[in-house]
Amino acid sequence: MNPTTRKIATFLTITALGTSVFPLTSNQVHAATYVTNVAAATTQLTNQQIDAAVKELNSLGIMNGYADQSMGEHRAISRAELASLVYKTFNLESKTGENVELTDVNPNAWYAPYASKLVELGIMQANDGQFNPQSHVSDAELEQVVSKAMQRDVKSVHHWMSTFYSENGSAARGEAAVLLQTARQALPSDQAQIQSVRSLNAITLIVTFDKPLTAADEAFAKAQTDFAFSGGLTLTNMPRLKTGSIATYIVPTSVQNAGETYNLTYKGQDAGSFEGSGTKLNMTTASQVTNDTFEIEALQENGVVDYGYIISAYSGGRGANAFVLNDQEQAGGKIYQVISSMQARQVIITPEGGEPIVAKYVPFTQSTDGKQEPKFRLPEGQTLQSGVTYTVSSDWANIDNASFTARSFDALEIANAQAVSETSIEVTLAQDPGDELFSGRSVTLTSPSGDVLTATYKYSSRKGATGVFDLVNDGKLTSGTTYTLSPVGDWSVASSVIVTP
């Protein structure tokens, strides 16, 4: 019997028996008066898991029981009870939000301050001022509330609920306790310490902490200082928390030497050692996309996944395409190679009969428009020569089809542009390129007096044929002035395109 069926069957059984009223003693945290037993809902969780979670939350003063001395772990949890548990679990006392009035909550009710705070913070909803404190909490609502309270992606919270989640089921108090016990472990700490480190491939480490890092410690500039490697190895971008994990990070590095032992210190403390990996990423095809840019494709169907699909920070934006890899980098019975950040990566492209050229990664192009195709660009001023065959090679990737014959590409056509603020404009192409071809590009805006402003593409801002370009060097558009737009370089053409803020 699946979880949904079990929950429905149990609900109907208990409904037939009738509900019980549990008055509360004065020294107990009050729970909702009317409760319904949903014992079978937790059969996928062990009694030991439930008991341990309830005991821990009780010892911390987060979860208390009923007047009959029971903890009611198999009873359906009400919205009032959940508000209390979440408020205390995540220490929301000092958080502030927009004041609200709950029309169905007595200000003197035991749960009133908890309900008000969670609605103020946008963690729980109260449509038209109705909080519905005695209503049962669905698994879906529990998932959303915990995700918002701890500011963690929904996909991770859903994964933590996988042992009891059912689409239309009501959550039990014990289930909520187990989830909140996990969530407490996943709260960031500036005292986080590394528990283990291993090399996943030639440019990627898997690093597990005892607690997740704070946003400040994840920031690239800070992480560069905190992560110190022997042997000249360096961090190439910020560590990224894996979806579904408590505190396991994908950490991109410069290319490792296979078999070399590296020592790692974190914030000045010894964090262990690991052996450099010689495993290169399995890419499929190199192909040209513009006159100075080419891409290297990787396919999930071949067991290669860009980290954007499996990290907590990007989970929401990937929607249904985001998924969870376990500790063995498996999902659905398949083991995946992980492409970590391409920041600072480069490859060698060699024309037939010519000298090798270093091509650098174009930022924010490694996984866009549903495709895993990081792009690389020739040095400024150089172009791929039509009719010449080029071969791409790399010290971090194996490329099955590494050669292509260059051809001439028409420049993108800018159809129009408009100001969206005094420091930004939207640039629209004549047609949607269906790919991230704005990246690394710039335009100039020339006023009638000859003053020139430069705007560069804002990474990942493109929607269809339109992308946002931000003015550089503190430049600002002058209201009422008509500017003439021109591309910088040969990446596009613009005929009589003007911007009037």
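Because the structure is a prediction, the values reported are computed rather than measured. Quick note: numbers below take in every heavy atom, side chains included, and nothing from hydrogens, waters or symmetry partners.
When atom types are taken as modelled, the side chain of Lys117 and the backbone of Ser94 share no donor-acceptor pair closer than 3.5 angstrom. No side-chain donor-acceptor contact under 3.5 Å links Ser147 to the backbone of Val157. At distances below 3.5 Å, not a single donor-acceptor pair connects side-chain atoms of Ser78 with backbone N or O atoms of Gln134. In this structure, the side chain of Trp160 engages the main chain of Gly244 through a donor-acceptor pair within 3.5 Å. With Asp226 contributing its side chain and Lys267 its backbone, the two residues share no donor-acceptor pair below 3.5 Å. Under a 3.5 Å cut-off, the side chain of Thr214 and the backbone N or O of Asp217 do form a donor-acceptor pair. Judged by distance alone, the side chain of Tyr262 and the main-chain N or O of Asn257 form a donor-acceptor pair under 3.5 Å. Distance alone, capped at 3.5 Å, places no donor-acceptor pair between the Tyr307 side chain and the Pro252 backbone. With hydrogens and angles disregarded, no donor-acceptor distance shorter than 3.5 Å links the side chain of Lys360 to the backbone of Ala344. Listed for the Ser439 side chain is no donor-acceptor partner under 3.5 Å among the backbone atoms of Val362.
Taking CG from Leu45 and CG from Asp51, the interatomic distance works out to 11.0 Å, rounded to the nearest 0.5 Å. Separating the CD1 atom in Ile206 from the CG atom in Asp327 is a distance of 9.0 Å, to the nearest 0.5 Å. Interatomic distance, CD1 of Ile296 versus OG of Ser287, reported as 9.0 Å (0.5 Å rounding). One distance of note links CG of Leu85 with CG of Leu142; it measures 9.5 Å at 0.5 Å rounding. One distance of note links CG of Leu92 with CD1 of Ile123; it measures 5.0 Å at 0.5 Å rounding. If you take CZ on Phe364 and NZ on Lys375, they are separated by 14.5 Å, rounding to the nearest 0.5 Å.
Of all non-hydrogen atoms in Leu213 and Ala192, the two that sit nearest each other are CD2-CB, 3.9 Å. Taking all atoms of both residues into account, the shortest heavy-atom contact from Ile50 to Gly174 is CG2-CA, 3.9 Å. Among all heavy-atom pairs drawn from Asn302 and Thr284, the shortest one is ND2-CG2, 3.4 Å. The minimum heavy-atom distance linking Ser170 with Glu175 is given by the pair O-OE1, 4.0 Å. When every heavy atom of Ile246 is checked against every heavy atom of Pro212, the shortest pair comes out as O-CG, 3.2 Å. Contact between Tyr266 and Ile194 at its shortest, heavy atoms only, is CB-CD1, 3.6 Å.
When side chains are defined from C-beta on, Phe90 counts as touching Leu187, because their heavy atoms get closer than 4.5 Å. Thr204 places none of its side-chain heavy atoms less than 4.5 Å from the side chain of Val251. Looking only at side-chain heavy atoms (C-beta outward), Val207 and Pro239 stay at 4.5 Å or farther from each other. Proximity of Val420 to Ile425: side-chain heavy atoms (C-beta onward) are nowhere separated by under 4.5 Å. Within the 4.5 Å cutoff, side-chain heavy atoms of Thr46 are placed close to those of Gln49. A 4.5 Å side-chain heavy-atom check between Leu325 and Gln330 finds every atom pair outside the cut-off. Looking only at side-chain heavy atoms (C-beta outward), Phe227 and Thr265 stay at 4.5 Å or farther from each other. Using a 4.5 Å heavy-atom threshold, the side chains of Thr236 and Arg345 count as touching.
Using a 4.0 Å cut-off between charged side-chain N and carboxylate O, Arg173 and Glu81 make a salt bridge. Between Glu120 and Lys95 there is no salt bridge, since none of the side-chain N atoms of the basic residue sits less than 4.0 Å from a carboxylate O of the acidic one. Taking the charged nitrogens against the carboxylate oxygens, Glu329 and Arg198 do have a contact shorter than 4.0 Å, which makes a salt bridge.
Annotation: Phe131 is not in aromatic contact with Tyr111 [ring centroid separation under 6.0 Å not met]. The six-membered or imidazole ring of Tyr457 lies near that of Phe469, with a centre-to-centre distance under 6.0 Å. For Tyr309 and Phe323, the gap between ring centers reaches or exceeds 6.0 Å. Aromatic ring centroids of Tyr459 and Phe438 lie 6.0 Å or more apart.
Residues passing the salt bridge (charged side-chain N to carboxylate O under 4.0 Å, His left out) test with Asp470, sequence neighbours excluded: none. By the salt bridge (charged side-chain N to carboxylate O under 4.0 Å, His left out) test, Arg462 is found to be paired with Asp369, Asp432, Glu436, residues two or more places apart in sequence or in another chain being considered. Taking the salt bridge (charged side-chain N to carboxylate O under 4.0 Å, His left out) definition, one finds that Glu141 meets it with Arg79, sequence neighbours left out. With sequence neighbours excluded, no residue forms a ring pair (Phe, Tyr, Trp, His ring centres under 6.0 Å) with Tyr314. Lys280 is linked by a side chain to side chain contact (heavy atoms under 4.5 Å, CB included) to Asn398, counting only residues two or more places apart in sequence or in another chain.
The ring-ring contact (aromatic ring centres under 6.0 Å, His included) pairs that include a residue from residues 175-195 number zero, where partners must be two or more places apart or lie in different chains.
Under 3.5 Å, the side chains of Arg240 and Ser340 contain no donor-acceptor pair of N or O atoms. Between Thr248 and Thr208, the side chains place a donor N or O and an acceptor N or O closer than 3.5 Å (distance only, hydrogens not considered). Side-chain atoms of Asn201 and Thr279 form no donor-acceptor pair, as typed in the model, at a separation below 3.5 Å. A donor-acceptor pair shorter than 3.5 Å cannot be found between the side chains of Gln372 and Asp306. Side-chain contact of Ser199 with Glu275: a donor-acceptor pair under 3.5 Å is absent, judged by distance alone. Checking Asp153 against Ser312 by side-chain atom types alone, a donor-acceptor pair falls below 3.5 Å.
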Quick one: do Asp435 and Lys371 satisfy side chain to side chain contact (heavy atoms under 4.5 Å, CB included)? Show the steps, please. CA-CA 9 Å; Asp435 205 349; Lys371 296 170 286 189; 4.0 Å; yes
Please assess Leu205 against Phe229 for the test side chain to side chain contact (heavy atoms under 4.5 Å, CB included), listing each intermediate value before the final yes or no. CA-CA 12 Å; Leu205 300 178; Phe229 301 94; 3.5 Å; yes
Verdict with supporting geometry, Thr466 and Thr428, side-chain hydrogen bond (donor to acceptor under 3.5 Å, both in side chains): CA-CA 4 Å; Thr466 301; Thr428 300; 2.8 Å; yes
When you look at Lys88 and Tyr114, which way does the side chain to side chain contact (heavy atoms under 4.5 Å, CB included) test go after all the steps? CA-CA 9 Å; Lys88 296 173 182 178; Tyr114 312 129; 3.6 Å; yes
Could you go through Lys242 and Ile250, starting from their C-alpha distance and side-chain angles, then the distance that decides it, and tell me whether this counts as side chain to side chain contact (heavy atoms under 4.5 Å, CB included)? CA-CA 7 Å; Lys242 282 182 67 178; Ile250 296 171; 3.7 Å; yes
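Other residues, nucleotides and ligands contribute over 12 non-hydrogen atoms within 6.0 Å of the CD atom of Glu93.
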